[in-house]
Amino acid sequence: MRTDARTGLTATPKSLPPKWFYDARGSELFEQITELPEYYPTRTERALLQRVVGEIAAAARPEVLVELGSGSAAKTRLLLDALSAEGSLKTYVPQDVSASALRGAAGEIATEYPNLAVHGVVSDFTDTLHNLPRGGRRMIAFLGGTIGNLVPAERAEFLSGINEVLEPGELLLLGAGLVIDPAVLVPAYDDAAGVTAEFNRNVLHVLNHRLGADFDPDRFEHIALWDAENEWIEMRLRATEAMTATVADLDLTVDFAAGEQMRTEISAKFRPDGLRAELDAAGFTTVHTWTDQDDRFALVLAERR
């Protein structure tokens with residue numbers, strides 16, 4: 001966090017990575033977002049997964065399910081039910097940057113699935129791949145469209161990193177949002193109730209709490225816009241007035257001009273052919289792609305070559 005904060009707050013333009021939204025409050029806010037009427041991705045992915053999970057289980061047959069960015073593991077139960085019924089699954093490894101969210105989810109899963117070994121890993125998914133357990137046929141699940149939070153170069157590095165830790169024939173199950181009408185897309189990241197705005201500002205609360213900063217989150221406005229060229233949603237925080245903040249742990253002073261914007265997240269959306277091309281470049285063969293009836297979301301099962 002210190003490295004990310006120093007790098008992002010001294011850059012032009014300023015930016016912060018979205019992984020730092022997620023303390024306990026940030027995780028709770030995101031769970032609220034997933035229930036909002038405007039926020040279609042979670043319910044669309046859940047319905048799609050519910051429809052095709054039997055096909056995924058039959059094709060994959062993993063002994064170990066590793067879930068990156070597991071959060072509350074709500075959708076995971078669909079996978080765990082199907083994989084347990086199929087009979088091969090022995091171990092579930094949830095990973096999340098939020099220790100509180102992970103502890104709660106892992107405890108619930110361990111109770112609900114007593115025949116399953118559960119091993120939680122607290123970490124950032126971008127730097128934990130080399131620590132994944134080996135032994136037994138593995139499937140890594142990376143759901144929720146979180147792959148879209150990475151810019152293309154980061155995605156290429158991340159997918160190649162997954163390829164390197166898997167053995168030939170092991171699998172990746174990837175959930176990704178698709179390019180759709182911006183009139184539907186943008187409100188999903190700028191809801192009428194303002195929950196996403198609070199979630200966006202939470203990154204400042206996290207810096208205040210963990211790095212001794214003195215940001216006033218109420219002096220920043222939430223912005224969400226569609227970048228048609230890059231085909232991603234961009235979330236920003238805009239300073240409502242000129243101000244200076246300090247980050248005590250970094251001995252850093254940060255000046256904001258009135259109206260200055262700081263990027264806090266991108267959420268890239270994809271086209272199926274583009275997803276296959278990125279996976280192919282990272283050393284994966286696409287086994288199957290499933291999409292919902294409105295072509296808003298895709299689940300891709302890919303095999304390490």
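Everything numeric in this text was worked out from a predicted model, so none of it was measured. Throughout, residue positions are numbered sequentially from 1 according to the sequence presented.
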Compare all side-chain heavy atoms of [X] with those of [Y] and state whether any distance is below 4.5 angstrom.
X	Y	result
Val186	Ile233	yes
Val247	Leu207	no
Ile266	Glu234	yes
Phe158	Leu68	yes
Glu38	Thr196	no
Ile180	Asp295	no
Val53	Asp81	no
Thr286	Asp280	no

**Asn202 and Tyr22 side chains, donor-acceptor separation under 3.5 Å** =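 No - no donor-acceptor pair under 3.5 Å links their side chains.
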
**Request:** Return yes if a side-chain donor-acceptor contact under 3.5 Å exists between Ser267 and Tyr189, otherwise no.
**Result:**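 Judged by distance alone, the side chains do pair up.
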
Output yes when a side-chain donor or acceptor of [X] lies under 3.5 Å from a complementary backbone atom of [Y], and no otherwise.
X	Y	result
Thr264	Met235	yes
Asp190	Ala224	no
Glu170	Glu167	yes
Thr240	Arg219	yes
Ser88	Pro62	yes
Arg296	Tyr40	no
Arg43	Pro37	yes
Arg305	Phe284	yes
Arg304	Ile162	no
Arg236	Leu225	no

Roughly how far apart are [X] [atom1] and [Y] [atom2], rounded to 0.5 Å?
X	Y	atom1	atom2	result
Glu265	Phe21	CD	CZ	5.0 Å
Glu28	Ser98	CD	OG	9.0 Å
Leu178	Lys269	CG	NZ	9.0 Å
Ile147	Glu154	CD1	CD	10.0 Å
Leu279	Arg155	CG	CZ	10.5 Å
Thr34	Glu45	OG1	CD	11.0 Å

**Request:** Take Asp255 and Lys14 through the test salt bridge (charged side-chain N to carboxylate O under 4.0 Å, His left out) and record every step on the way to the result.
**Result:** CA-CA 10 Å; Asp255 294 318; Lys14 297 179 179 69; over 6 Å; no

Do you know the tightest heavy-atom contact between [X] and [Y]?
X	Y	answer
Ser70	Asp96	N-OD1, 3.4 Å
Pro182	Trp226	CG-CD1, 3.6 Å
Met243	Glu241	CE-O, 3.3 Å
Arg25	His205	NH1-CD2, 3.6 Å
Thr91	His119	CG2-CD2, 3.7 Å
Phe270	Ala176	CD1-CB, 3.8 Å

Is [Y] paired with [X] through a side-chain N to carboxylate O contact shorter than 4.0 Å?
X	Y	answer
Arg46	Asp292	no
Glu221	Arg238	yes
Asp23	Arg210	no
Lys90	Glu63	yes
Glu108	Arg77	yes

Please say yes or no: joined through hydrophobic side-chain contacts below 4.5 Å, possibly via intermediate residues, are [X] and [Y] part of one cluster?
X	Y	answer
Leu173	Leu166	no
Phe297	Tyr39	no
Leu65	Leu48	yes
Leu89	Leu78	yes
Leu143	Val52	yes

**Message:** Parallel, tilted or perpendicular: which one describes the rings of Phe215 and Phe220, with boundaries at 30° and 60°?
**Reply:**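 The arrangement is perpendicular - the two ring planes meet at more than 60°.
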
**Asked** Is the NE2 atom of His209 crowded by more than 12 outside heavy atoms at less than 6.0 Å?
**Response**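 It does not: His209 NE2 has 12 such atoms or fewer within range.
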
**Prompt:** If you count the non-hydrogen atoms of other residues, nucleotides and ligands that lie under 6.0 Å from CG in Asp251, is the total more than 12?
**Reply:**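 Result for CG/Asp251: open.
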
**Sole candidate of Leu252, Thr7, Leu211 that passes side-chain contact (heavy atoms from CB on, under 4.5 Å) when paired with Arg2** =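 Between Arg2 and the candidates, side-chain contact (heavy atoms from CB on, under 4.5 Å) is satisfied uniquely by Leu211.
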
